[in-house]
Amino acid sequence: MLIKEIVVVALQAIRVNALRSFLTTLGIIIGVAAVIAMVSLGEGAQQRVEEQIQNMGTNVLTIRPGQSMFRGIRDGGARARLYDEDAEALRMQTGGTLLIAPEIEQRQQVSYLRWNSSNEVLGTWPEYFDVQNIDLALGRIFDEGEVQGRRRVAVVGSEIPNQLETPAALLVGRTVQIRGIPFEVIGVLEEQGESSPWSQPDERVYIPLSTAQYRVFGGRDRLNSISVKVLDEGSMDAAYADIDRILRREHRIPPGEEADFSIRNSAQLLESFNETQQTFTYLLGGIAAISLLVGGIGIMNIMLVSVTERTREIGIRKAMGATRLNILLQFIIESLVLCTLGGILGVAAGVGSAELLSNTAGWETAVAPAAVAVALLFSAGIGLFFGIWPARRAALLDPIDSLRYE
């Protein structure tokens with residue numbers, strides 16, 4: 001038999017049992033769709049975080065409290081603390097080469113007239129907005145005098161006016177309640193986008209650090225973190241060394257002992273996130289790939305049933321001159337067509353699912369061409385792998401026994 005005839009016979013066999021063929025490929029379709037959708041979610045999240053970190057800049061260092069130490073021994077796993085005095089020391093002792101932005105954050109109720117919502121309230125210095133490259137849409141940023149005077153002024157994220165059902169232009173100059181304390185809204189920020197499922201910068205309220213500490217957070221003096229922007233990107237190593245030296249002096253940590261704080265730059269954060277995200281994506285992809293294997297087993301099962309059903313047909317073809325190779329190719333082609341068709345439909349379903357999640361749930365998705373190619377190749381490989389045994393069984397059938405088969 002010619003290759004063309006073999007292909008035609010294989011396609012006719014699939015067409016005759018169209019419903020069974022579709023149900024057979026359903027496992028492949030679901031598996032490929034799951035792989036594409038899961039990898040798209042992972043890629044979308046990774047691109048979003050990369051974009052945010054790039055917008056923040058690669059010259060930003062983040063200082064966080066570590067574990068406290070006592071005479072070189074970890075103090076029972078207790079967390080050390082950062083204070084605004086640490087931020088003041090950094091600002092005073094670095095000669096204006098760094099922009100310092102201490103941060104203290106807590107979720108509070110924000111209300112305006114009859115509307116209210118629960119939002120993250122972040123106390124900081126005016127430098128914070130330059131450090132994080134956040135632009136102002138309306139109004140102004142609070143200044144150093146308002147920080148020193150513990151003024152009740154607030155700058156809100158772009159989503160706050162929507163949550164309070166008030167246009168941004170009308171909200172500026174009005175008074176909102178934060179934990180029941182009146183604050184004048186003096187500015188609205190540009191949209192920043194989602195940084196993570198648990199952090200929504202557009203839904204934050206920004207107030208002066210001293211106001212947050214002494215008027216809103218009940219005298220809390222420790223900081224969540226300190227962000228530092230190095231004005232000269234070529235001086236990152238020198239800035240890192242200066243920060244380490246100054247904070248060790250403030251915390252009275254002798255040279256050679258482990259620090260009770262950590263300093264990380266955005267590149268390290270991006271690298272750590274990428275490693276975590278890749279592991280998570282591989283895990284999801286691996287789980288989805290299991291359904292591909294299950295689909296492949298289903299195809300092998302159906303192909304074995306098909307061989308049994310078509311034993312007499314195989315005998316007739318061999319009697320008419322078909323070789324073992326012809327029969328082998330016929331059944332392998334059937335299996336490949338079923339799996340490849342299932343892969344194509346699965347890619348379409350996966351891309352559609354990713355778009356649906358993006359449009360309805362607002363999740364960031366990005367369909368990776370490499371994931372599509374791998375899914376198609378993997379589905380074709382499954383068709384080849386699980387089709388060989390049924391095809392070989394068909395090819396080895398004895399033509400005389402096959403013709404006698406009822």
Side-chain angles (χ1 to χ4, degrees), residues 49-50 52-75 78-105 122-134 141-148 195 199 201 206 208-210 212-213 220-275:
V49 171
E50 286 180 357
Q52 294 228 340
I53 290 179
Q54 291 298 329
N55 289 338
M56 186 175 65
T58 56
N59 58 334
V60 175
L61 299 171
T62 303
I63 308 168
R64 295 188 181 278
Q67 288 185 311
S68 61
M69 306 290 292
F70 180 71
R71 294 181 180 177
I73 301 174
R74 295 188 184 279
D75 189 9
R79 298 292 292 179
R81 296 182 178 183
L82 290 175
Y83 298 94
D84 50 354
E85 289 86 355
D86 296 322
E88 289 284 0
L90 289 173
R91 181 158 66 177
M92 296 297 295
Q93 298 179 37
T94 53
T97 59
L98 306 177
L99 283 181
I100 312 297
E103 301 169 31
I104 180 172
E105 190 172 15
L122 188 144
T124 187
W125 289 349
E127 291 86 350
Y128 176 86
F129 304 96
D130 289 329
V131 171
Q132 303 293 339
N133 288 333
I134 303 176
I141 302 295
F142 48 81
D143 55 32
E144 185 63 27
E146 288 167 323
V147 174
Q148 297 295 330
S195 62
S199 180
Y206 303 85
L209 178 67
S210 57
Q213 289 176 316
R220 174 183 165 188
D221 57 352
R222 63 184 183 274
L223 305 175
N224 293 92
S225 62
I226 301 174
S227 296
V228 180
K229 185 172 186 177
V230 183
L231 300 180
D232 180 9
E233 291 193 24
S235 303
M236 288 290 289
D237 292 339
Y240 188 101
D242 286 343
I243 293 170
D244 183 74
R245 173 180 53 81
I246 293 169
L247 290 183
R248 280 179 177 274
R249 182 188 303 154
E250 291 295 315
H251 293 198
R252 295 179 175 84
I253 301 174
E257 286 197 9
E258 186 176 355
D260 62 353
F261 56 88
S262 63
I263 308 172
R264 304 190 71 179
N265 61 33
S266 53
Q268 290 175 319
L269 292 174
L270 179 59
E271 182 180 352
S272 298
F273 176 82
N274 284 343
E275 290 176 358

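Sequence positions, counted from 1, serve as the residue numbers for this chain.
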Report the residues that fulfil side-chain hydrogen bond (donor to acceptor under 3.5 Å, both in side chains) with [X], sequence neighbours left out, ordered by chain and then residue number.
X      : result
Glu146 : Arg140
Ser225 : Glu103
Asp242 : Arg245

### Message
Taking side chain to side chain contact (heavy atoms under 4.5 Å, CB included) as the definition, give me every residue that meets it alongside Arg222, ordered by chain and number, with sequence neighbours left out.
### Response
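If we apply the side chain to side chain contact (heavy atoms under 4.5 Å, CB included) test to Arg222, skipping adjacent residues, the hits are Arg81, Tyr83, Arg220.
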Grab the two heavy atoms, one from [X] and one from [Y], that are nearest each other, plus how far apart they are.
X      : Y      : result
Ala87  : Trp125 : CB-CH2, 3.6 Å
Asn224 : Glu105 : OD1-N, 2.7 Å
Gly123 : Leu209 : O-CD1, 3.6 Å

Euclidean distance, [Y] [atom2] relative to [X] [atom1], rounded to 0.5 Å:
X      : Y      : atom1 : atom2 : result
Ile104 : Ile226 : CD1   : CD1   : 11.5 Å
Leu82  : Leu223 : CG    : CG    : 6.0 Å
Phe261 : Ile243 : CZ    : CD1   : 9.0 Å

### Query
Taking it one step at a time, do Leu90 and Leu98 satisfy side chain to side chain contact (heavy atoms under 4.5 Å, CB included)?
CA-CA 8 Å; Leu90 289 173; Leu98 306 177; 5.6 Å; no
Residues 247-254, side-chain donor-acceptor partners within the protein, below 3.5 Å, at least two apart:
unit_1, atom_1, unit_2, atom_2, d
Arg248, NE, Asp244, OD1, 3.4
Arg248, NE, Asp244, OD2, 3.1
Arg248, NH1, Pro254, O, 3.3
Arg248, NH1, Glu257, O, 2.8
Arg248, NH2, Glu257, O, 2.9
Arg249, NH1, Gln93, OE1, 2.8
His251, ND1, Asp260, OD1, 2.8
His251, ND1, Asp260, OD2, 3.2
His251, NE2, Asp86, OD1, 3.3
His251, NE2, Asp86, OD2, 3.1

### Task
Could you tell me whether the side chain of Met236 reaches within less than 4.5 Å of the side chain of Asn59, counting heavy atoms only?
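Answer yes - side chains close enough.
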### Query
Can you tell if the side chain of Asp221 reaches within under 4.5 Å of the side chain of Glu85, non-hydrogen atoms only?
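Not in contact.
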### Task
Under the salt bridge (charged side-chain N to carboxylate O under 4.0 Å, His left out) rule, collect the residues that match up with Glu144, sequence neighbours excluded.
Arg91
### Task
Determine, stepwise, if the pair Ile134 / Tyr128 fulfils side chain to side chain contact (heavy atoms under 4.5 Å, CB included).
CA-CA 8 Å; Ile134 303 176; Tyr128 176 86; 3.8 Å; yes
### Query
Within the side chain of Thr124, is there an N or O that forms a donor-acceptor pair under 3.5 Å with the backbone of Pro102?
yes
